[in-house]
Every structure is written in C-alpha cells, then in structure tokens.
Amino acid sequence: MFLPSALTQESAMSDKPRVRFAPSPTGYLHIGGARTALYNWLYARHTGGTFILRIEDTDRERHTPEAVQAIIDGMKWLGMDWDEGPIHQSERLARYQEVAAELEKKGLAYKTTKGAEEKGEALAFRVAAAQEKVVFDDQVLGKVEFQDEVIEDFILMRSNGWPTYNFSCVIDDHDMAITDVIRGLDHVSNTPRQLMIYKAMGWETPRFAHIPMITNSEGKKYSKRDGAVAVGDYANAGYLPEAFANYTALLGWSPGGDLEIMSREVMVEKFTLDRVRKTASQFDFQKLEWMNGKYIEGLPAAELAGRVAPFMKSAGLDPDARGSEWLEKLGQLLKERAHTLVQFPKLSRYFFADDYEVVPQAAEILAKDTAPAALKAALGALEALPEAEWTPAKLDPVLREAAKAAGMGFGKLAQPVRAAVTGTNVSPGLFEVLELVGKERTLARIRRVPGVG
RNA sequence: GACCCCAUCGUCUAGCCUGGCCUAGGACAUAGGCUUUUCAAGCCUAGAACACGGGUUCAAAUCCCGUUGGGGUCGCCA
C-alpha cells in the first residue's frame, strides 16, 4: 500500500534538527552549562526538533550518580525537558572500541605509549595523513579557519581503555544523528580534531554553533570564586526558575528590539541562533535580582504564596499559621519589596511572632517625647474599632482622624505606631500591616511601649 | 609563546549581514526630582558608548586592512 502522506511526513521529520546537551557530571549544573542547555532546548523547541540529554562520563574518577542527579534536577528546575536520554557514555564502551578498531584497521590510528603516565598502550589518531587546513562554518562565529600545521596526533583511546572526549563525542553525535552542535566557545579548538574524525570515518558533519562565554566582573571565564555558580544555589537563594532562565537566555542572545522580560513561549518563538552574539557577557547579579523581582511581582497571589511557603518554613515560620488567605495577602504586601523569595521571611517575622527584633531606628522613634501621645491617640481609636472592621479601608480613616484630633500630621502618628507594631521604621503600608498583624496583637504591642500602657 | 575568537554607555544589549531614517535606542546600575505614613514600587530628568588608525564611498557604528586591547585553547579532563 502506498502512503504518500506518511512518507512526506517521514521525510519532513528527518529534516528536523536534533540537538543535545552533553554535560560532564562533575558535581552540579553551573551557569554556563545551564545556558548551553537552555539554548539547545530553545533551539529544539523553536524548530520542532529533538533535544537529547547525554552524560559524558568517560572519565572514570570524576563521575558520580549524585552529580548526574544534580544536573537533572537543575534542568528540571529550569523547566527543560528532553526527548531522549539521559544517555550515558559509560554504557557505550563497546561502540567506541568498534570505531577505534576500524580506524586502526584503516591505518588512521595507531597504538602508542608516547607520553604515557602509566603502563599500557593508547590509541592515537594519525593527523599527518589527513593533515590540511581545517575550515568550518560556525552558525554563530561565521567562518572559522585553522592553519594546517597546528594540530598534532592526539589520543582517541586512553591506555585505561576508555575513549577521550573528542572521540566519544564525535561517535555519539554521529550515532545520535545530531544535526547541530551547540556548545560553549571553549570548544572551538576541539572542533578541528573532531572534524578529522568525521572525515576519517566518512561521516557527515553536523553544523556547529559556538556560544560566547559567560565571564566574571574581570572579564574572565566565570568560576566558583565569582559567586554562586550552581543553579541549585540560585534556587536556594530564592530566585524563580523562570526569571533565572529569562535572564540567562539574555546573556548572549536577544530577541531584538527592546524586549527583555518574556514568557517561555515567547522565548521559544523568538529564539534563533543568528541572534546569538559573538561577544562574552558578564553575569550581572543586580540585573538578575531586578528581573527576579519583576517575576515575583507578576506571580498570581496563590502562586506566590505557594512559592514563598517553603522559604517561610525553613526560616522557622509557619506559613499555614493564619490560613491561606492571610498568607496570600502577606505575599501581596511584600512582593514589591522583595527581589528574592528568601527575603519574604526576613521581612515578615513580626507578622508571625512577638520575638521579632527591634531595630535601633525604631527604638529611637519610640523613645521620643512625642511618642506616647501619638501612640495613646492611635490606641484609643484602634480600641474602638470593632474586630469585624479591622480592615485597611476602615483603619485608614480612623487613624487619620485620630491624628487630626490629636493635632498632629499623620506621619507623626504613623511612624510610632509602625515602630511599636513592627519593630522597624520601614514596612509596607501601615493599614495593611495592622490588618495582618491583627487587632489583639496590635493593641498589645502599642500598650507595652513605655509611657503608653 | 602558538593557534583560534572577539571589540557599541560601568553592565546586558538594539542597530551591523542588506552603508544614509543613528546629533547611536532600550534595560540594569548611578544621580536628581515628583508622589508619599516609612520603605518599596511607579513616573520624570541627567550623565554615560560606536577601542585606535588607515582605506572604500557622495555617505561608515555598519564594508576592507592594520594596530591595540581582551578572552579562549593548547591533557591518555570535558
């Protein structure tokens, strides 16, 4: 039976890009890796292609199951999914041996003990035979050209029997039918060697796209000492994955125009490799934090409350203590002031408990001669307000009236009340704060100020 | 050192491919102001860049060459 439509579909499908993220499990998913993964993922989703996760664990000493898990966790946190994998190179040894044998048989590779640290023979690739100028067309860099004399014979199979990166990488990219290799710029210099292997095997080469480095404030490759490097650190510090991904994507790529904050969908729609820059970019914590704040503000109340809750818990506050509606209101109150999730518990201890700290500035306000009078005026007005009317809408006129009656500007009354109830001179709007602290606690806190009760 | 890559405000970038609309736009940060119960947010304003030198052209941030500067890689790591 002839099925033209199925055939058409099939061949259309084979044109779809296949990309991979191939981290080495050395401990965690770091910023650079996260962005490389993201670009691959975005590219796959934009083109309707396939995204593959491959674990490059051919180095016997450096890989652990925990490290693999950390990478998977990091990717999931960032909202990435993959269509194939994770494929572990450590499970494909037989295939690497097979290709090695073929190259040796062709005379393109040879056994050697040269440069050996340990006993045993390694298999080296014979560059001399294939030597010529290497040129490739990079999707980000454009034409990249290497002089012909610079590359020397290199090791394919180590004397311990395992393949080296350049070898296993090529075999896997070929076997997995990878069409586009999107990786960090630090891999450019590996490309000529890899190209030689493709040629030696008679394999079609993928397209390459080398994306620029992420640097520290000194313009050097970003590393541990420059600040948080693992994506897990950002999760713990209260960054939203969508904000982190958005910010990171913008390090080296832009959708054009003035667009910065964009949904995942828009990012997928807009992402193309030809808009990736060639220049390294510095990781700017301030801008990340600003963007995170924007994302926090944009979260629906219930969603925000849900994200904040775990951070409350780990700070020793019970997010469920006053009910979900209360927690949502609290979130709304603090969201414009918090740039990260960890700041929520820091800004809200006095809503939960009486053991909050009193900052010097607040103590100062309460120690002023004028404080008791202001507090007494407020206290009288607040005592008279029924519990059922303990809302910002009612508290507002009541307190303003009290200030007027006492012959003072509202600010003169508000600051002492704020200091008495929150222990700080800085808080969200007073009426909203009083509402959430509750009538009973508010009154008690005002009464206990010396000279008032 | 060799090889490779890069070069727009302090930072992220738009513009560059397809020269003219660029007295170079936006964002973060900074400074000042407005608003105001404090803070935050918001709004307004300011300063702030085409690395340098040649060339091509009527015209160059945009194209070419050089210089300088920066980065990456030089492993039986990835």
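Residue numbering restarts at 1 for every chain, and letters A, B, ... go by the order of the sequence lines.
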**OP:** Output, in order, the C-alpha distance, side-chain angles, deciding distance and verdict of side-chain contact (heavy atoms from CB on, under 4.5 Å) for Tyr43(A) and Leu273(A).
**Re:** CA-CA 8 Å; Tyr43(A) 183 72; Leu273(A) 287 173; 3.7 Å; yes
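Figure legend. C17(B) is base-paired to no nucleotide; pairs are counted as Watson-Crick or G-U wobble with both atom distances under 3.5 Å. Pairing of A2(B), defined by two Watson-Crick or G-U wobble distances under 3.5 Å, is identified with U73(B).
Between Phe125(A) and Tyr110(A), the gap from one ring centroid to the other reaches at least 6.0 Å.
Within 3.5 Å, no donor on the side chain of Arg275(A) pairs with an acceptor on the base of U13(B), nor the reverse. Remark: the Ser159(A) side chain and the C76(B) base include a donor-acceptor N/O pair separated by less than 3.5 Å.
Among the protein residues, Phe431(A) comes within range of the nucleic acid bases, having at least one heavy atom under 4.0 Å from a base atom. Residue Asp274(A) is classed as having no contact, given no heavy-atom separation below 4.0 Å to the nucleic acid. Among the atoms of the strands shown, base atoms are found under 4.0 Å from some heavy atom of Lys114(A). Residue-level contact check: Phe410(A) touches the bases, meaning some heavy atom is under 4.0 Å from a base atom. Nucleic acid contact class of Glu145(A) (heavy atoms, under 4.0 Å, all strands): sugar-phosphate only. Residue Leu141(A) is in sugar-phosphate contact alone, with no base atom involved, counting any heavy-atom pair closer than 4.0 Å across all strands shown. Among the protein residues, His187(A) comes within range of the nucleic acid bases, having at least one heavy atom under 4.0 Å from a base atom.
Summarising the geometry, atom NZ belonging to Lys114(A) is positioned 15.0 Å from atom CD belonging to Glu121(A); distances are rounded to the nearest 0.5 Å.
Using a cutoff of 4.0 Å between basic side-chain nitrogens and carboxylate oxygens, Arg95(A) and Asp175(A) are scored as salt-bridged.
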What N/O pairs connect the protein and nucleotides 17-26 of chain B at under 3.5 Å? Give each pair on its own line.
unit_1	atom_1	unit_2	atom_2	d
G26(B)	N2	Glu260(A)	OE2	3.4

Subject >> Where protein sits on nucleotides 31-36 of chain B, one letter per nucleotide: B base, S sugar-phosphate only, - none, heavy atoms under 4.0 Å >> reply: ------
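Ring orientation note: the planes of Phe352(A) and Trp326(A) are nearly perpendicular, at an angle over 60° on the 30°/60° scale.
For the pair Leu185(A) CG and A7(B) P, the interatomic distance rounds to 11 Å; values are reported in whole Å. Between the CG atom of Leu195(A) and the P atom of C4(B) there is a distance of 15 Å, rounded to whole Å. The separation between Asp284(A) atom CG and G10(B) atom C1' is 10 Å, rounded to whole Å.
Across U38(B) and C12(B), the matching P atoms stand 37 Å from one another, rounded to whole Å. Rounded to the nearest Å, the gap between the P atom of A60(B) and that of G20(B) is 11 Å.
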